[in-house]
Amino acid sequence: MAASPDLSVDLGGLKLKNPVITASGTFGYGTELTSFYDPSLLGAMIVKGLSLRPMPGNPPPRIVETSCGLLNAIGLANIGIEAFIQEKLPSLAAVRTPIITNIYGHTIEEYAEMAKRIENVDTIAAVEINISCPNVEQGGMAFGADPDSAAMVTDRVVNNTTKPVIVKLTPNVTDICTIASAVESAGAQAISVTNTLLGMAVDVATRRPKLANTIGGLSGPAIKPIALYLVHKAVTTVRIPVIGLGGIMDYQDALEFLLVGARAIQVGTANFVNPKAPIEIINGLTDFCEREHISNINQIIGALETNNVSSK
Amino acid sequence: MGFRSESLASLTKPGQFFMIHLARTTRDPLLRRPFSIHGIQDGNRLMILYNVVGKGTSLLSTLREGDPISVLGPLGNGFTLPRPHERALLVAGGMGIAPLFFLTQALREVQRHRIKMILGFPTSQEVVLTDQLRDLDVDLSLTTEDGSLGIKGLATDHLDQHLAQELTESPVVYACGPIPMLRKVAKKAGAFHLRCYVSLESHMACGLGICQGCAVKPTKSTDKPYYYVCQDGPVFPAEMIDWEAL
């Protein structure tokens with residue numbers, strides 16, 4: 001029998017046993033879904049976005065389902081970085097997969113402070129910076145939409161930690177390539193493409209927005225084609241690894257992102273529907289590689305064939 | 001509709017819910033929907049009650065006997081039963097009858113006290129489970145908004161009278177239904193100093209405490225900024241909820 005395919009990938013210094021990562025905000029603090037599977041099976045886990053101080057989140061309604069998608073305005077409700085490190089992280093000590101914290105600041109100084117705090121925590125393997133969450137009025141959006149401020153945040157985090165820094169980009173910009181290049185130059189080891197797309201839904205009967213926050217971030221299969229396109233643009237622009245996400249529900253979705261050139265993928269909204277989705281995707285990728293006689297997943301990454309059709 | 005599982009039937013308490021999906025491959029509707037269990041039949045069939053209101057429930061209505069569904073549960077806390085000597089007063093609006101019917105079933109297994117239930121539906125068309133409730137020896141007060149069955153009006157229209165009548169027994173009040181109804185029940189029960197539990201409905205993406213979509217505002221007395229219906233509820237003591245924010 002042939003050896004099982006090698007699914008391991010390298011994210012700029014961060015080695016993963018497989019390319020499947022749980023996305024921030026859809027995997028809690030890493031402790032909630034352990035009854036469904038052993039998180040050590042994951043390529044990595046990214047825990048819920050953390051801020052320097054606890055955040056209450058937005059008033060309800062916070063979520064609404066739209067066609068093939070989920071519109072949310074959670075408002076980054078979280079217990080704060082200190083409570084995460086003190087109360088949640090110890091119970092993840094036995095997890096044999098990189099734990100990546102997603103951080104979010106209201107000011108550049110807050111990002112820097114969180115990077116410093118994380119630096120001394122051995123169980124945290126890497127940090128993903130959220131410069132793109134569209135839900136909170138101040139901060140987030142402004143950093144991710146402007147190349148200079150995106151670079152500034154990245155630079156401050158990189159200079160305050162020796163851990164790999166991943167920057168999660170927002171799709172709500174005119175040109176994602178400028179932002180991608182800016183954070184690459186500022187020292188990001190990888191980028192995650194993409195966060196949610198800004199969206200809205202209206203209740204016709206009440207003539208009000210369905211979300212209390214009026215606008216929210218759209219995720220799920222509805223955004224997958226856009227996410228794929230943005231990953232496609234990003235991989236042709238930067239040299240650092242790109243982590244693809246946006247509407248990945250099964251291993252075939254994951255393959256699309258890998259073929260386009262994503263070095264790894266994140267599973268987000270799918271966790272809500274099927275808590276075992278990441279594991280099924282890992283198994284699906286393994287089976288696919290075996291079926292196709294692919295010994296190493298890196299043979300798939302970026303293996304997109306181009307259509308040589310010239311328009312006349 | 002029902003689904004069969006002996007182990008789940010023995011695990012599930014009144015007030016708990018399941019996240020249900022037709023099949024995992026569905027992209028639209030994308031998310032599971034929360035349904036409370038309205039009773040256990042034949043010891044192994046978990047029953048759910050639904051109205052066709054949207055895409056999810058209309059697909060659900062196309063299922064035939066034996067079709068597979070994907071269920072996640074039991075989830076949530078469930079009702080705290082009254083103490084053996086205590087009576088229960090139930091207030092249900094529309095589909096809110098579902099968890100209260102299960103509660104009635106469970107109560108009948110442990111006590112024979114009179115159970116009073118105030119039930120409201122829009123019209124006689126929507127009225128369900130009343131025969132079964134009478135079989136369980138429940139004292140029903142039925143209202144319909146159009147007066148096509150029972151008393152015309154809302155379940156809460158004569159709440160004062162009902163509560164005053166029952167007051168000497170100081171019953172525990174259990175309510176499930178639309179928010180305006182629950183708000184009124186909570187207020188009146190508070191005024192009469194009766195213990196009151198409400199089962200809340202909410203949009204939720206996961207039911208597992210991860211998405212944090214099902215937030216409800218607590219009263220100021222807690223240090224939590226929000227409760228989550230799926231984890232802290234769906235059943236709450238009425239005084240824990242900030243009814244003005246709901």
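Labels below follow one simple rule: chain letters A, B, ... track the order of the sequence lines, proteins then strands, and each chain is numbered from 1.
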Could you tell me how the ring of B:Y50 sits relative to the ring of B:F35: parallel (under 30°), tilted (30 to 60°) or perpendicular (over 60°)? perpendicular
Table please: side-chain donor-acceptor pairs of residues 83-91 of chain A below 3.5 Å, with sequence neighbours left out.
{"unit_1": "A:Q86", "atom_1": "NE2", "unit_2": "A:E82", "atom_2": "OE2", "d": "2.9"}
{"unit_1": "A:S91", "atom_1": "OG", "unit_2": "A:K88", "atom_2": "O", "d": "2.7"}

When A:P59, A:G28, A:G57 are compared by non-hydrogen pairs under 4.5 Å with chain B, the top option: A:P59
Within-4.5 Å side-chain heavy-atom neighbours: A:I46 and A:Q266: yes
So which of B:G54, B:P225, B:A205 has the largest heavy-atom pair count under 4.5 angstrom toward chain A? B:A205
Tell me whether B:R32 contacts the main-chain N or O of B:S70 through its side chain, where contact means a donor paired with an acceptor under 3.5 Å. yes
In terms of heavy-atom proximity below 4.5 Å to chain A, should B:L246 be classed as side chain, backbone, both, or neither? neither
Heavy-atom contact with chain A under 4.5 Å, split by part of B:K55: side chain
